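Remarks on the structure that follows.
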Amino acid sequence: MTPEANSMTIHAIFLDVDGTYADFGIVPEAHVLAVQAARANGHKVFLCTGRPVSMLPEHILDAGFDGLVASAGAYVEVAGEVLLDTRFSADLAGRTVTVLDAHDSVYVLEAQESLHVAPAAEQRLRRIIEAHFDKSSNGPGKGSSAILGSLLPWSAQSPLFAKVSVFESPIPMELIAAEIGAEIAVVANSIADEGAHAGELYQRTISKADGVAVAIAKLGIEQGNTIAFGDGQNDLEMVAYAGIGVAIEGSSAELLALADRTTAPPSRDGIATAFAELGLI
């Protein structure tokens with residue numbers, strides 16, 4: 001028997017975006033309505049995503065949220081107040097860009113204010129992103145624009161970034177990370193589909209669970225009254241940390257083993273179904 005939420009208790013709910021709350025960047029209307037209904041019942045609902053703030057367009061935020069955990073835990077905002085904004089140090093950022101460029105990789109440097117691409121790789125990046133979103137039945141427009149519409153060329157004057165998404169690398173990502181240094185870890189990328197040759201580079205000591213902990217401390221909500229939904233490898237710590245962890249059907253075996261229950265993907269309104277089953281709406 002899987003855990004159930006007590007409908008009389010205020011819960012903090014954390015939703016991964018890609019593949020969980022949204023499908024190819026598009027949010028089902030049923031998910032919007034579920035978030036609004038849960039908040040009307042007093043629950044606190046957050047997006048908890050690997051995306052930076054600069055990759056969260058209005059059509060993803062439209063439901064209204066009590067805050068954000070972005071950049072896979074490096075950034076936390078509650079009711080408009082920024083509680084955490086962790087970036088690569090200047091030295092680490094420099095080493096990261098140097099290694100990526102030495103291997104002619106295609107990547108996006110993800111800052112909260114903006115997204116940055118090496119000018120020499122911009123056209124290759126655009127082709128990769130457009131090819132991914134072309135797979136969506138919704139069409140490529142809205143989904144791809146969250147990335148391509150925010151791109152700026154990288155320069156030494158650009159803001160420090162919180163995470164790097166690598167979309168194409170001639171060598172496996174673990175080797176890229178090792179060249180940069182022990183501070184860096186790798187997780188699978190939720191957009192690129194190039195196996196070991198694509199992924200997200202992040203600071204090893206940071207996870208979504210850390211962001212969740214900061215948010216609930218601000219709200220005064222106990223860990224046991226948290227509910228987390230995710231489908232990707234960067235959701236492992238969050239799903240394990242939450243009082244109730246929910247994995248999307250089709251997630252990795254590792255995530256499914258950690259979760260307390262499963263729900264359908266966004267194409268079948270899984271968030272709305274789970275909210276109803278948990279007594280949140």
Side-chain angles (χ1 to χ4, degrees), residues 17-18 25 49-57 60 68-77 82 84-133 140 142-194 196-206 234:
V17 171
D18 296 293
T49 177
R51 295 184 182 216
V53 174
S54 54
M55 207 188 288
L56 290 171
I60 287 180
L68 301 170
V69 177
S71 295
Y75 177 92
V76 180
E77 179 182 316
V82 177
L84 184 68
D85 187 356
T86 305
R87 316 257 179 146
F88 282 39
S89 68
D91 173 68
L92 182 57
R95 279 189 277 135
T96 300
V97 171
T98 296
V99 170
L100 289 168
D101 287 347
H103 291 286
D104 195 27
S105 302
V106 179
Y107 59 89
V108 174
L109 307 173
E110 299 177 4
Q112 305 311 326
E113 305 89 344
S114 49
L115 306 175
H116 296 268
V117 60
E122 182 173 353
Q123 291 309 309
R124 284 187 292 157
L125 174 67
R126 289 184 178 276
R127 286 195 295 271
I128 292 167
I129 299 299
E130 288 166 356
H132 171 77
F133 285 99
K142 274 190 173 183
S144 61
S145 66
I147 301 173
L148 300 181
S150 304
L151 283 177
L152 296 172
W154 166 254
S155 74
Q157 287 71 49
S158 299
L160 291 172
F161 46 88
K163 191 166 65 68
V164 184
S165 286
V166 180
F167 295 89
E168 183 179 274
S169 168
I171 67 172
M173 291 303 304
E174 293 292 348
L175 297 181
I176 291 281
E179 283 190 37
I180 296 168
E183 311 99 306
I184 293 297
V186 179
V187 70
N189 189 297
S190 58
I191 294 178
D193 186 21
E194 296 294 335
H197 295 267
E200 298 180 359
L201 301 172
Y202 65 98
Q203 294 187 72
R204 187 177 296 278
T205 57
I206 297 172
N234 69 356

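Everything quoted here is computed from the prediction, not taken from an experiment. The residues of the chain are indexed from 1 along the displayed sequence.
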To the nearest 0.5 Å, what is the distance between [atom1] ([X]) and [atom2] ([Y])?
X      : Y      : atom1 : atom2 : answer
Leu84  : Ile206 : CG    : CD1   : 7.0 Å
Gln203 : Ile184 : CD    : CD1   : 6.0 Å
Phe167 : Ile129 : CZ    : CD1   : 4.0 Å
Ile128 : Ser165 : CD1   : OG    : 11.5 Å
Glu122 : Leu125 : CD    : CG    : 7.5 Å
His103 : Ile176 : NE2   : CD1   : 4.5 Å

Taking the inter-plane angle between the rings of Phe161 and Phe88 on a 0 to 90° scale, is it parallel (under 30°), tilted (30 to 60°) or perpendicular (over 60°)?
tilted
So, using side chain to side chain donor-acceptor pair (under 3.5 Å) as the criterion, who are the partners of [X] when residues are at least two apart?
X      : result
Thr49  : none
Gln112 : Ser71
Tyr107 : Asp101
Arg124 : Asp104, Glu168

What closest approach, in Å, do [X] and [Y] show between heavy atoms, and which atom pair accounts for it?
X      : Y      : result
Lys163 : Ala72  : CD-CB, 4.3 Å
Pro52  : Glu110 : CD-OE1, 3.4 Å
Ser105 : Val166 : CB-CG1, 4.4 Å
Ser54  : Ala111 : OG-O, 2.7 Å
Ser158 : Pro153 : OG-O, 3.8 Å
Gly50  : Asn234 : CA-ND2, 3.9 Å

Answer yes or no: is there a side-chain heavy-atom contact under 4.5 Å between [X] and [Y]?
X      : Y      : value
Glu179 : Ile171 : yes
Leu201 : Leu100 : yes
Leu92  : Ile180 : yes

Any chance you could lay out the side chain to side chain contact (heavy atoms under 4.5 Å, CB included) test for Ile60 and Arg51, step after step, and finish with the verdict?
CA-CA 11 Å; Ile60 287 180; Arg51 295 184 182 216; 3.6 Å; yes
Taken in chain and number order and not counting sequence neighbours, the residues that satisfy salt bridge (charged side-chain N to carboxylate O under 4.0 Å, His left out) with Glu113 are Arg87
With sequence neighbours excluded, tell me which residues meet side-chain contact (heavy atoms from CB on, under 4.5 Å) with Leu152.
Ser114, His116
